[in-house]
Visitor: 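Once you've had a glance at the structure underneath, I'll fire off some questions.
Chain naming here is simple, since letters A, B, ... match the order of the sequence lines and numbering starts at 1 in each.
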Number of protein chains: 2
Amino acid sequence: MANSGKKKATIYDLSVLSGSSPSTVSAVLNGTWRKRRIKESTAELIRSLAETHQYTANRQARGLRSSRSGLVGLLLPVHDNRYFSSLAQTFEAHVRSKGQCPIVVSASRDPEEERKTAETLISYSIDELFICGATDPDGVHEVCEAAGLKHINIDLPGTKVPSVISDNFEGGRLLTEAIIRHFPADRPLQPTDLYLFGGRNDHASHERIRGFRAVKKAMLGDDPDECIQPTGYAANNARKAFEAFYTRHGKLPRGLFVNSSINFEGLLRFMAEHPHDNFTDLVVGCYDYDPFASFLPFPVIMIRQNVEGMIAKAFEVIEQPRAAPRIHLVEPELVPPRTALTGPLDALKDIDLPRGKS
Amino acid sequence: MANSGKKKATIYDLSVLSGSSPSTVSAVLNGTWRKRRIKESTAELIRSLAETHQYTANRQARGLRSSRSGLVGLLLPVHDNRYFSSLAQTFEAHVRSKGQCPIVVSASRDPEEERKTAETLISYSIDELFICGATDPDGVHEVCEAAGLKHINIDLPGTKVPSVISDNFEGGRLLTEAIIRHFPADRPLQPTDLYLFGGRNDHASHERIRGFRAVKKAMLGDDPDECIQPTGYAANNARKAFEAFYTRHGKLPRGLFVNSSINFEGLLRFMAEHPHDNFTDLVVGCYDYDPFASFLPFPVIMIRQNVEGMIAKAFEVIEQPRAAPRIHLVEPELVPPRTALTGPLDALKDIDLPRGKS
DNA sequence: CTTATTTGCACAATCGATGGTGCAAAGACT
DNA sequence: AGTCTTTGCACCATCGATTGTGCAAATAAG
């Protein structure tokens with residue numbers, strides 16, 4: 001670590017150096033100087049001084065005065081997940097393009113932590129908050145509302161402000177249909193061959209399950225309750241559920257609808273404990289996309305949510321002064337097995353910096 | 001979105017309500033009140049008022065006065081990556097446990113953007129900065145140094161302040177050895193059967209390559225230069241390199257050392273374009289861990305970096321007043337094929353909130 | 001040469017929390 | 001009762017940038 005004693009230059013330093021007042025310096029450096037009829041030459045002098053002294057405005061002071069901070073918050077369940085980190089990546093690009101600074105935090109899907117975390121962000125006077133995948137969006141809403149903070153829901157809807165979410169019903173339908181069609185006509189899937197694992201009592205799970213059941217009923221004729229196993233969003237819970245099924249039936253279901261990649265990891269954990277099983281008669285549909293999962297040794301059909309579309313829509317809606325608290329659906333995309341899609345990172349150039357040191 | 005007119009309560013509001021002065025309110029609510037000899041009953045009154053009015057201190061005002069913000073920065077190359085998002089997750093837990101607020105941003109491995117981003121964070125008066133995987137750590141150092149900001153390098157080392165990084169040489173050695181040993185004795189690997197793809201002119205790549213070459217030389221007797229293909233950190237560049245090799249030789253190398261998961265994605269993209277190839281005589285070693293990759297239909301040996309260990313070490317070192325700019329190595333872990341490891345998310349309880357609405 | 005107008009900028013209040021200082025009132029002590 | 005402490009708190013400057021207002025000097029108009 002390092003911490004030299006140097007301090008940052010302030011408008012007062014520059015005002016002394018330039019022989020003008022702090023307010024003049026401030027106006028010049030924040031762009032409002034024409035309105036204040038500052039001479040071009042004065043502005044030029046101050047700008048060059050700022051340049052040589054590496055002046056940058058103290059955001060805390062500016063924010064205190066203007067009660068805006070330039071910070072835009074994103075509240076996630078977790079970072080450590082392909083879908084959410086992709087949201088973070090896209091979110092950051094949008095925020096930075098508006099000249100603001102993203103502040104991304106996670107709250108573990110815990111309602112209490114969600115509210116506390118929102119409070120913390122509010123104490124930094126953030127300008128807007130994007131509430132993503134929250135277990136209790138309306139709880140966070142109360143907190144934002146009390147602070148007069150603009151906010152919007154993503155991924156999981158609330159009832160108080162607009163929500164931008166995936167069309168989970170349609171995605172569930174698409175995925176279920178693709179799983180069923182993947183089986184050959186001579187060995188078709190029976191209703192009890194197709195199970196859904198993962199998810200919980202949230203809007204997304206409900207919709208996906210609704211889509212799953214609708215398609216099952218329509219295509220397979222029946223839709224037994226036992227085939228729905230909303231085991232939550234934890235790999236180990238999913239693993240236990242697969243294990244339990246396996247113990248009871250001596251095999252896995254032929255068709256699996258796995259709700260989210262974290263539960264797919266649970267399936268892997270289960271498989272790791274059964275190294276001699278080949279799972280040849282198995283088709284997995286996963287509501288989430290991961291390129292590696294797509295190439296696993298059994299057919300894996302995936303859903304990729306339209307992250308860029310959702311973020312863009314959310315930024316559009318949050319700017320509308322008095323938008324109604326309706327749900328905006330964004331269509332997800334079905335990804336066939338063995339597909340390597342590009343992501344937000346592909347937009348980056350891969351630069352190489354020639355470096356002096358080895 | 002929503003934005004009611006309400007304002008947050010301030011110490012001035014509470015001072016009026018309680019009949020005491022703002023400084024008394026401040027002292028009570030920030031814990032310094034005993035030092036100021038405030039009566040217990042006064043403190044109690046103010047605390048209850050703060051409670052009912054949902055008071056939280058304005059961090060910008062506090063930060064302005066104290067020239068600290070409670071923000072701790074993490075500068076990443078990208079969010080959208082299992083390794084870095086796992087670092088973000090672990091970082092956040094550490095920061096929050098100290099009562100501070102994490103602010104995680106990415107700078108795309110671009111030296112200029114890295115410096116600019118650091119400047120932005122500095123303008124928010126962050127208290128510390130963790131520089132992770134930066135292409136030009138010393139460039140960021142200059143910026144921090146000028147602002148008197150404590151900072152430390154992670155993942156890629158700099159020369160000016162301490163660095164906490166993986167033992168990439170050892171990791172490279174481990175991985176290379178495991179790849180070679182994975183081939184049966186009757187069909188052993190030849191020197192030109194084992195290629196390394198990915199990475200660039202950075203410290204981590206150098207060390208991994210050094211480990212790779214050392215083991216190759218020792219175990220296979222030779223180590224041709226052509227087997228080193230540092231194609232960068234972009235999936236498509238890697239894909240092209242695999243394609244080029246394939247075009248030239250009609251097959252892939254039997255053994256592949258893939259430097260980072262993003263380049264592994266490049267391999268998948270290549271494979272997606274060759275759906276009829278089975279790639280049966282192939283062993284991949286990847287310097288990064290991903291559970292799905294671990295279960296691919298060919299043997300995949302992986303390296304998992306010790307994220308928790310690195311973050312913990314970094315927090316330890318950054319608190320040392322005048323630590324020398326040395327490199328702290330953290331040992332990575334070899335992960336055999338078909339292994340589903342647990343991650344930071346497993347520490348979270350999977351709570352379910354019973355909700356009124358469907 | 002006056003009066004009106006415009007130009008160019010300085011002054012000072014403000015945002016909310018902090019912390020040094022000062023000073024009454026209450027209590028201790030002689 | 002008079003002096004000395006201690007207690008309990010108020011007052012005020014401060015952090016750095018923003019912004020409404022005021023006022024000279026320069027210029028234009030008559």
Visitor: Rounded to the Å, how far apart are B/Arg68 CZ and D/dC15 P?
Guide: 18 Å
Visitor: Quick check for you: among C/dA17, D/dG8, C/dC9, whose closest atom lies nearest to any side-chain atom of B/Lys39?
Guide: D/dG8
Visitor: Look at the rings of B/His151 and B/His141 and say which category their plane angle falls in: under 30° parallel, 30 to 60° tilted, over 60° perpendicular.
Guide: tilted
Visitor: Quickly work out the B/Glu44 CD to D/dG8 C1' distance and round it to whole Å.
Guide: 17 Å
Visitor: Can a side chain N or O of A/Ser20 be found less than 4.0 Å away from OP1 or OP2 on C/dC9?
Guide: no
Visitor: For B/Arg37 and C/dA26, what is the distance between atoms CZ and P respectively, to the nearest whole Å?
Guide: 16 Å
Visitor: How about B/Glu40: does its CD atom have over 12 heavy atoms from other parts shown lying under 6.0 Å from it?
Guide: yes
Visitor: Whole Å only: how far is the CG atom of A/Leu29 from the C1' atom of D/dT19?
Guide: 15 Å
Visitor: Look at the side-chain N and O atoms of A/Tyr124 and state whether any lies under 4.0 Å from the OP1 or OP2 oxygen of C/dG16.
Guide: no
Visitor: Need to verify one output field. Residue with the more 5' nearest nucleotide on DNA chain C, A/Glu40 or B/Ser66?
Guide: A/Glu40
Visitor: Quick one: label A/Ser23 by what it contacts on the DNA or RNA (base, sugar-phosphate, nothing), any heavy atom closer than 4.0 Å.
Guide: base
Visitor: Please confirm whether the shortest side-chain N or O distance from A/Thr42 to OP1 or OP2 of C/dC9 is below 4.0 Å.
Guide: yes
Visitor: Using atom CD of A/Gln60 as one end and atom P of D/dT14 as the other, report the distance to the nearest whole Å.
Guide: 20 Å
Visitor: So which nucleotide from C/dA17, C/dA10, D/dA17 ends up closest to the side chain of B/Tyr55?
Guide: C/dA17
Visitor: Considering just the side-chain nitrogens and oxygens of B/Thr24, establish if one lies under 4.0 Å of OP1 or OP2 belonging to D/dA10.
Guide: yes
Visitor: Could you state the CD1-P distance from B/Ile11 to C/dG19, rounded to the nearest angstrom?
Guide: 11 Å
Visitor: Please work out which of the three classes, parallel, tilted or perpendicular, describes the rings of B/His94 and B/Phe315, given edges at 30° and 60°.
Guide: parallel
Visitor: Could you work out which one of D/dT19, D/dC9, C/dG16 sits closest to the side chain of B/Leu64?
Guide: C/dG16
Visitor: Under a 3.5 Å distance rule, please check whether B/Glu114 uses its side chain to pair with a backbone N or O of B/Asp136 as donor and acceptor.
Guide: yes
Visitor: Taking OP1 and OP2 of C/dG16, is either one under 4.0 Å from a side-chain nitrogen or oxygen of B/Arg62?
Guide: no
Visitor: Between C/dG16 atom P and A/Asn58 atom CG, what is the distance in whole Å?
Guide: 16 Å
Visitor: Can you tell me the distance, in whole Å, between the CG atom of B/Leu45 and the C1' atom of D/dG8?
Guide: 14 Å
Visitor: Is A/Gly31 touching bases, backbone alone, or none of the nucleic acid, heavy atoms closer than 4.0 Å?
Guide: nothing
Visitor: Remember a base hit wins even if backbone is also touched, and classify B/Arg36 as base, sugar-phosphate or nothing at under 4.0 Å, heavy atoms.
Guide: base
Visitor: For B/Ala43 and B/Tyr12, find the nucleotide of DNA chain D closest to each by heavy atoms; which residue's nucleotide sits nearer the 5' end?
Guide: B/Ala43
Visitor: Any side-chain N or O of B/Ser21 less than 4.0 Å from the OP1 or OP2 oxygen of D/dC9?
Guide: no
Visitor: With a 4.0 Å cut-off on N to O distance, would you call B/Arg96 and A/Glu113 a salt bridge?
Guide: yes
Visitor: Run the side chain to side chain contact (heavy atoms under 4.5 Å, CB included) test on A/Ile165 and A/His328 for me, step by step, so that the C-alpha distance in whole Å, both residues' side-chain angles and the decisive distance to 0.1 Å come before the verdict.
Guide: CA-CA 6 Å; A/Ile165 66 174; A/His328 300 260; over 6 Å; no
Visitor: For C/dT14, does the base pair up with any side-chain atom of A/Arg65 as donor and acceptor (N or O, under 3.5 Å, distance only)?
Guide: yes
Visitor: Is A/Asn30 near enough to D/dT18 that one of its side-chain N or O atoms lies under 4.0 angstrom from OP1 or OP2?
Guide: yes
